[in-house]
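What follows is a single structure, written as structure tokens, with notes after it.
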Amino acid sequence: MHEDLIPIRQAVLARNPGEAEFHQAVDEVFESLGPVVARHPGILESAVLERICEPERQIIFRVPWTDDQGRVHINRGFRVEFNSALGPYKGGLRFHPSVYLGIVKFLGFEQIFKNALTGMPIGGGKGGSDFDPSGRSDAEVMRFCQSFMTELYRHIGEYTDVPAGDIGVGGREIGYLFGQYKRITNRYESGVLTGKGLSWGGSLVRPEATGFGTVMFAQEMLRTRGQSFDGQTVLVSGSGNVAIHAIGRAQKLGATVVTASDSSGYVVDPDGIELDLLREVKEVERGRISEYAERRGGRARFIAKGSVWEVPGTVALPCATQNELDGSHAKKLLDHGVIAVAEGANMPTTAEATRLFQDAGVLFGPGKAANAGGVATSALEMQQNASRDSWTFEYTEERLARIMTSIHDDCAATAEEYGMPGNYVAGANITGLMKVAEAMMAQGLI
Ligand code: NDP
Ligand code: 2IT
């Protein structure tokens with residue numbers, strides 16, 4: 001790390017004790033910024049980095065709700081409004097028992113740079129709760145969402161802060177949240193949330209956008225080496241929104257996707273994942289991934305321990321959660337001849353694993369670039385809401401493809417410009433930072 005950045009980084013760590021994931025996200029960005037502070041002294045003089053690491057606003061609130069037996073539960077709700085230099089705060093809500101302030105801040109921090117990379121007018125934010133939706137009935141999830149929104153509504157709005165989904169928050173939850181927002185405010189404010197259903201302001205392609213975009217980004221990386229998805233053996237982790245659509249897109253491009261996983265284990269299906277069955281088990285029935293193997297007529301195996309990264313493959317798409325691919329996994333993947341890794345999830349690869357891939361010359365697409373298609377399409381949803389319009393699938397998909405190609409090209413060009421050709425991590429961090437820094441400096445001391 002550049003010596004001028006070390007005291008800033010240390011102050012961030014001291015100010016935010018116990019937030020390991022946030023520290024990791026800050027470190028990853030700071031590691032890239034040496035050449036930037038050398039070339040643009042104004043970044044240090046105007047204390048942009050100190051400001052960018054301090055959220056504009058952090059909201060923590062109580063979420064009381066009752067289960068189907070009438071028992072009372074208390075969860076904690078979060079919304080971290082990190083940076084509004086480029087537009088209203090924008091970013092998802094995560095419902096998962098592991099959620100605490102450090103997770104929300106890591107995600108919100110990443111979102112600042114990701115959203116800048118999309119070229120759309122959106123700032124960075126993130127939220128969620130330590131609520132665990134697994135095994136809960138629709139009625140319980142609805143009561144939780146209504147209670148969550150009963151506090152959140154006062155902090156959000158089309159021009160203020162626009163939440164969407166993330167882990168544990170999909171179309172069902174966005175529906176309950178939107179209904180409660182509308183009820184409390186008496187406003188049909190479509191642009192207050194994204195990921196809505198098609199008949200009430202949602203956008204075509206938004207459900208597919210993150211997974212599709214990740215594969216589009218990886219395809220662009222492969223293209224720089226004269227390669228493509230065609231004929232690759234692809235490893236995907238997760239079996240949620242991002243994973244499912246990454247699998248579908250990679251298959252369409254001629255790849256064989258041989259794995260999927262959830263928090264209970266993973267499946268290996270050498271003939272290629274049967275996507276309809278996976279969607280039936282995970283999206284419709286909200287079941288366990290072992291049921292996929294059970295219903296695949298002996299063609300797939302379920303493994304409860306270990307991870308998909310132990311399976312031989314040439315392209316890896318981590319689409320589950322943070323730090324799911326560590327140094328030992330990276331070594332396995334390298335032994336098996338992996339040529340490209342693109343992060344569908346946020347920060348799924350540890351710092352050590354990232355270094356191993358980069359040192360070995362493997363194409364590595366960091367999440368803030370590779371998974372930006374989701375939030376970019378959220379911004380397209382906001383655009384449709386603002387003009388009271390709805391676009392066709394083909395047109396929206398074409399816009400997404402153009403955005404992903406331009407994120408890829410911007411990251412590649414910036415990496416080259418700063419003397420680190422092929423380093424998409426540095427390219428993404430520097431491109432994102434420069435856009436936000438420029439806006440912050442123009443807007444005075446904010
Ligand atoms: P979903 O809730 O739809 O799916 C999450 C998947 O990851 C599930 O298969 C889940 O397993 C698994 N998973 C979650 N937490 C863990 C864990 N601690 N250990 C092992 N497996 C886990 O979420 P998404 O697909 O939306 O999100 C996946 C990743 O992509 C996240 O990192 C998210 O931040 C990121 N992302 C999402 C975007 C979006 O538009 N949705 C946009 C950009 C990034 P199980 O079913 O057992 O819980
Ligand atoms: O991490 C992410 O970019 C998301 N969960 C999507 C955010 C959004 O506002 O669509």
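In each ligand, atom 1 is the first atom listed, and ligand 1 is the first ligand listed. Computed from heavy atoms alone, side chains included, the values below leave out hydrogens, waters and symmetry copies.
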Between Asp130 and Tyr100, is a side-chain contact (heavy atoms from CB on, under 4.5 Å) present by the stated rule, with each step listed?
-> CA-CA 7 Å; Asp130 57 2; Tyr100 77 107; over 6 Å; no
Side chain of Lys196, backbone of Ser190: donor and acceptor closer than 3.5 Å?
->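 Yes; judged by distance alone, with no hydrogens or angles, the pair exists.
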Can you tell me if Lys105 uses its side chain to pair, donor with acceptor, with the backbone of Phe22 under 3.5 Å?
->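 No, Lys105 side chain to Phe22 backbone: no donor-acceptor pair under 3.5 Å.
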Any idea which heavy atoms bring [X] and [Y] closest together, and the distance?
{"X": "Gly248", "Y": "Leu275", "answer": "CA-CD2, 3.5 Å"}
{"X": "Arg206", "Y": "Val375", "answer": "NH2-N, 4.3 Å"}
{"X": "Leu177", "Y": "Cys145", "answer": "CD2-O, 3.5 Å"}
{"X": "Val29", "Y": "Lys368", "answer": "CG2-NZ, 4.0 Å"}

Could you find the nearest protein heavy atom to [atom] and give me its residue, atom name and distance?
{"atom": "atom 9 (O) of ligand 2", "result": "Lys90 NZ, 2.6 Å"}
{"atom": "atom 7 (C) of ligand 2", "result": "Gly92 N, 3.5 Å"}
{"atom": "atom 10 (O) of ligand 2", "result": "Ser378 OG, 2.5 Å"}

Should one rank Arg94, Arg206, Lys126 by closest heavy-atom distance to atom 6 (C) of ligand 2, which comes out on top?
-> Arg206
To which of Gly195, Ala372, Ala164 does the heavy atom nearest atom 8 (C) of ligand 2 belong?
->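 The nearest heavy atom belongs to Ala164.
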Answer side chain, backbone, both or neither: which part of Asn346 comes under 4.0 Å from ligand 2, heavy atoms only.
->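 Under 4.0 Å from ligand 2, Asn346 contributes side-chain atoms alone.
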Could you pull out every protein residue that has a heavy atom closer than 4.0 Å to ligand 1, ordered by chain and then number?
-> Arg94, His96, Lys114, Asp166, Ile167, Gly168, Arg206, Thr210, Gly238, Ser239, Gly240, Asn241, Val242, Ser261, Asp262, Ser263, Lys282, Arg288, Cys319, Ala320, Thr321, Gly344, Ala345, Asn346, Asn371
Test side chain to side chain donor-acceptor pair (under 3.5 Å) on Tyr181 and Glu189 and set out the steps.
-> CA-CA 9 Å; Tyr181 180 85; Glu189 190 183 331; 2.7 Å; yes
Can you run down the salt bridge (Lys or Arg N to Asp or Glu O under 4.0 Å) pairs that involve residues 395-406, sequence neighbours left out, and say none if there aren't any?
-> Arg249-Glu397, Glu398-Arg402
Decide whether the shortest distance between a heavy atom of Glu110 and an atom of ligand 2 is less than 4.0 Å.
-> no
Please indicate whether any nitrogen or oxygen in Gly165 is less than 3.5 Å from any nitrogen or oxygen in ligand 2.
-> yes
Could an N or O of ligand 2 be found under 3.5 Å from any N or O of Lys114, whether backbone or side chain?
-> yes
Qualifying residue for ring-ring contact (aromatic ring centres under 6.0 Å, His included) with Phe148, from Phe95, Phe78, Trp65 = Phe95
